[in-house]
Amino acid sequence: MATSIPTPGTLIKGKPMLEIDEETLNSGAEGFTGTQVFCRNPSCVAYTYDDMIMMPGHIHFALHDVDTKSRLTRNITLKTPFVSSPMDTVTEAKMAIMMALQGGIGIIHANFTMEEQAAEVRKVKKFKNGFITDPVCLSPEHTAQDAFRIKADLGFSSFPITDTGEMGGRLVGIISNRDTSFIEDPMVKIKEFMTPRESLIAAKEGVSLADANEILKASKKGKLPVVNDDNELVALISRTDLQKNRDFPMSSKDEKNKQLLVGAAIGTRPEDKVRAKALVEAGVDVLVVDSSQGDSCFQLEIVQYLKETYPLVDVIGGNVVTPSQAWHLIQAGVDGLRVGMGIGSICTTQEVCAVGRAQASAVYHVAKFARKHDIPIVADGGIKSTGHITKALCLGASCVMMGSMLAGTDEAPGEYFYQDGVRLKRYRGMGSLEAMSKEGGEKRYVWEGKSQTAVKVAQGVSGAVQDKGTLRRYIPYLTQGVRHGLQDAGISSIRQAHERLYDDKLRFEIRSPAAQKEGGVHGLHSYSKRLY
């Protein structure tokens with residue numbers, strides 16, 4: 001029998017809107033609950049994101065009312081549920097900074113030396129929006145040819161000049177395009193044509209971005225060096241960067257010191273305890289124990305060590321795809337779980353090792369179990385679109401971790417190159433032989449040093465992905481896409497998505513191969529696809 005639905009603001013002809021009758025609801029005409037799809041599964045089939053489709057729900061709110069806030073761990077909440085993967089072609093300081101500014105978080109990869117990885121973490125923690133903390137510097141003894149070469153390689157022509165030619169040196173001058181435009185002898189030294197220190201306007205360390213902007217306006221200069229009391233260069237502010245920069249109200253920051261949040265990956269070997277110490281000293285907010293198969297005595301041991309030694313630093317364990325794997329790590333003390341095995345676009349674990357699980361099933365089952373213990377999960381891998389992100393969140397994930405979706409952006413490591421007229425960037429799996437040959441790369445897949453078991457077996461490939469532009473535009477596109485997806489499902493927040501999933505109010509169907517084809521672009525001779 002029809003009854004009023006709990007949406008008092010929605011009226012039809014002045015009366016509360018009525019919901020569908022129980023007979024129709026239970027017939028399958030409205031789709032099926034998560035329990036029916038994943039738990040009452042007599043065919044024993046595991047499902048991917050593409051296999052699933054969500055049923056639409058009643059929209060009683062505006063798009064801007066959709067709340068994308070979600071938990072990464074027990075103690076860390078993000079305003080956008082996006083995490084960049086700890087891969088050496090995805091996340092270094094530049095990626096982590098922009099992810100945090102856009103409300104997500106970046107996890108610095110471990111294919112660095114311990115010192116290098118800690119330095120990347122410090123770059124993120126020291127970052128201030130609008131301040132360039134690692135400008136390219138030259139010394140007075142460099143030549144005009146050096147400036148021309150850097151301009152050709154990096155695309156900019158203004159450089160602070162320090163006595164050492166490095167950041168942190170004593171500021172002695174600056175050169176800009178107007179200083180080099182009429183240079184005929186490329187071998188002339190910079191000290192011969194630079195604008196000297198006494199002719200420069202510089203700001204003192206601690207200056208606010210607003211005050212710096214006023215100084216630039218008054219001086220009508222393009223660059224403003226920031227120096228300490230010893231005249232050592234600590235930052236550079238660019239007028240063009242100020243014009244591009246805007247406030248990032250969604251940024252992920254530590255509530256105490258207002259620094260950006262950042263994570264870092266470590267392995268499960270004894271020396272990773274030393275690496276963890278260096279990362280914690282650098283200010284890391286969350287440690288991700290990076291292993292392709294997280295249910296091991298090695299990971300259980302290091303998780304316990306990390307929680308005992310650094311109780312204020314959250315730890316994410318993984319990767320796992322079953323509740324039993326998750327339960328072992330929860331007992332060890334993890335604050336979050338990373339779910340996914342062998343489903344990344346560059347991962348061959350399922351093919352090589354015959355172990356893993358289809359991602360939609362893995363996310364649903366692990367999230368449902370972890371929820372009992374108040375542990376959020378991160379859906380790691382298999383994300384190809386905003387639709388996949390929405391599905392992962394509606395299947396119980398609190399955040400999604402992305403590799404290929406973020407590789408190819410301006411902020412990803414590496415240089416662009418062209419192939420067949422297409423602008424590309426390198427992208428490789430951390431299980432590829434190329435990645436395992438780097439510092440720390442084999443830790444994720446090889447535990448022992450014994451000759452008979454230390455043979456490296458590739459569980460990933462190397463490839464390339466197309467240029468996606470800057471995260472400044474890409475992350476807002478992803479966020480808006482997720483909002484649209486949740487709104488179409490009648491869901492106003494990620495928290496509500498989880499409530500409706502476990503209350504059996506969120507409905508799904510399994511799509512046939514023909515239905516999947518129908519749900520994509522089809523029937524056209526040719527088409528162009530623009531994301532934003």
Side-chain angles (χ1 to χ4, degrees), residues 34 47-57 63 66-72 77-85 87 90-91 95 98-100 102-107 250 252 318-319 336-340 343-345 347 358-364 366-367 376-409 412 465 468-469 471 473-498 500-501 506 508 511 516 519-520 529 531-532:
Y47 298 114
T48 68
Y49 295 136
D50 281 337
D51 292 324
M52 311 284 301
I53 195 69
M54 295 192 298
M55 298 296 100
L63 185 64
V66 177
D67 184 5
T68 58
K69 182 171 61 178
S70 191
R71 291 199 302 165
L72 173 71
T77 297
L78 305 177
K79 292 182 180 175
T80 54
F82 305 141
V83 185
S84 64
S85 182
M87 304 172 73
V90 178
T91 309
M95 172 68 74
M98 189 52 65
M99 288 295 294
Q102 299 280 5
I105 193 170
I107 312 298
M250 303 284 281
S252 305
N319 282 34
L337 288 165
R338 193 172 164 199
V339 176
I343 38 76
S345 61
C347 187
Q359 186 68 342
S361 293
V363 169
Y364 177 82
V366 176
I377 74 150
V378 179
D380 175 23
I383 301 291
K384 304 184 187 71
S385 65
T386 55
H388 285 178
I389 297 173
T390 305
K391 290 176 186 178
L393 298 172
C394 289
L395 288 170
S398 293
C399 292
V400 295
M401 181 174 281
M402 297 176 285
S404 63
M405 286 283 283
L406 301 176
T409 59
V465 291
K468 297 185 181 72
L471 289 183
R473 295 181 62 196
Y474 190 53
I475 295 296
Y477 155 75
L478 295 180
T479 306
Q480 196 74 336
V482 171
R483 286 197 180 105
H484 276 290
L486 292 175
Q487 185 189 43
D488 282 353
I491 297 167
S492 60
S493 68
I494 295 171
R495 180 176 181 177
Q496 186 185 45
H498 295 170
R500 294 193 62 187
L501 172 69
L506 192 57
F508 306 90
R511 298 193 294 176
Q516 293 181 38
K529 186 175 183 180
L531 298 180
Y532 49 84

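- Under the 4.5 Å side-chain criterion, counting only non-hydrogen atoms from C-beta, Tyr474 is in contact with Met405.
- Note that CD1 of Ile107 and CE of Met87 are 13.5 Å apart. Values are rounded to the nearest 0.5 Å.
- Under the 3.5 Å distance criterion, with hydrogens and angles disregarded, a donor-acceptor pair is assigned to the side chains of Gln516 and Asp51.
- To the nearest 0.5 Å, atoms CD1 (Ile491) and SG (Cys394) are separated by 4.0 Å.
- Between the side chain of Lys391 and the backbone N or O of Ile53, no donor-acceptor pair lies under 3.5 Å.
- Formation of a donor-acceptor pair under 3.5 Å by the Thr68 side chain with backbone atoms of Lys79 is found in this model.
- The salt bridge (charged side-chain N to carboxylate O under 4.0 Å, His left out) search around Arg511 returns none, not counting sequence neighbours.
- Of all non-hydrogen atoms in Val90 and Gly403, the two that sit nearest each other are CG2-O, 3.8 Å.
- With rounding to the nearest 0.5 Å, the separation of CZ in Arg495 from NZ in Lys69 is 9.0 Å.
- Looking only at side-chain heavy atoms (C-beta outward), Phe82 and Leu471 stay at 4.5 Å or farther from each other.
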(request) Begin from the C-alpha positions of Leu478 and Met402 and carry the test side-chain contact (heavy atoms from CB on, under 4.5 Å) through to its verdict. (result) CA-CA 12 Å; Leu478 295 180; Met402 297 176 285; 4.1 Å; yes

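- Between atom OG1 of residue Thr409 and atom CE of residue Met99 there is a gap of 9.0 Å, rounded to the nearest 0.5 Å.
- Contact between Val339 and Asn319 at its shortest, heavy atoms only, is C-ND2, 4.4 Å.
- Ser84 OG to Met95 CE: the interatomic distance, rounded to the nearest 0.5 Å, is 5.5 Å.
- Across Ile383 and Val400, no two heavy atoms sit closer than the pair CD1-CG1, 4.3 Å.
- With Thr91 contributing its side chain and Ser85 its backbone, the two residues share a donor-acceptor pair below 3.5 Å.
- Residues forming a side-chain contact (heavy atoms from CB on, under 4.5 Å) with Ile494 (at least two apart in sequence, or on another chain): Ser70, Pro81, Leu393, Leu486, His498.
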(request) Would you sort out whether Lys384 and Tyr49 count as a side-chain contact (heavy atoms from CB on, under 4.5 Å), showing the intermediate values? (result) CA-CA 9 Å; Lys384 304 184 187 71; Tyr49 295 136; over 6 Å; no

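- Shown here are the salt bridge (charged side-chain N to carboxylate O under 4.0 Å, His left out) partners of Arg71, two or more places apart in sequence or in another chain: Asp374.
- Although no hydrogens or angles enter the test, the distance criterion places no donor-acceptor pair under 3.5 Å between the side chain of Arg338 and the main chain of Met401.
- Of all the heavy atoms in Leu78 and Cys399, the pair that sits closest is CD1-SG, 4.1 Å.
- Contacts classified as side chain to side chain donor-acceptor pair (under 3.5 Å) and involving residues 477-488 (residues at least two apart or in different chains) are given here: Gln480-Arg483.
- When all heavy atoms of Ile377 and Ala367 are compared, the closest pair comes out as CD1-CB, 3.6 Å.
- When all heavy atoms of Leu501 and Gly396 are compared, the pair lying nearest together is CD2-N, 3.7 Å.
- For Ser385, the side-chain contact (heavy atoms from CB on, under 4.5 Å) partners are His388, not counting sequence neighbours.
- Expressed to the nearest 0.5 Å, how far CD1 of Ile105 lies from CG of Leu72 amounts to 5.5 Å.
- Arg473 is linked by a side-chain contact (heavy atoms from CB on, under 4.5 Å) to Thr470, Tyr532, counting only residues two or more places apart in sequence or in another chain.
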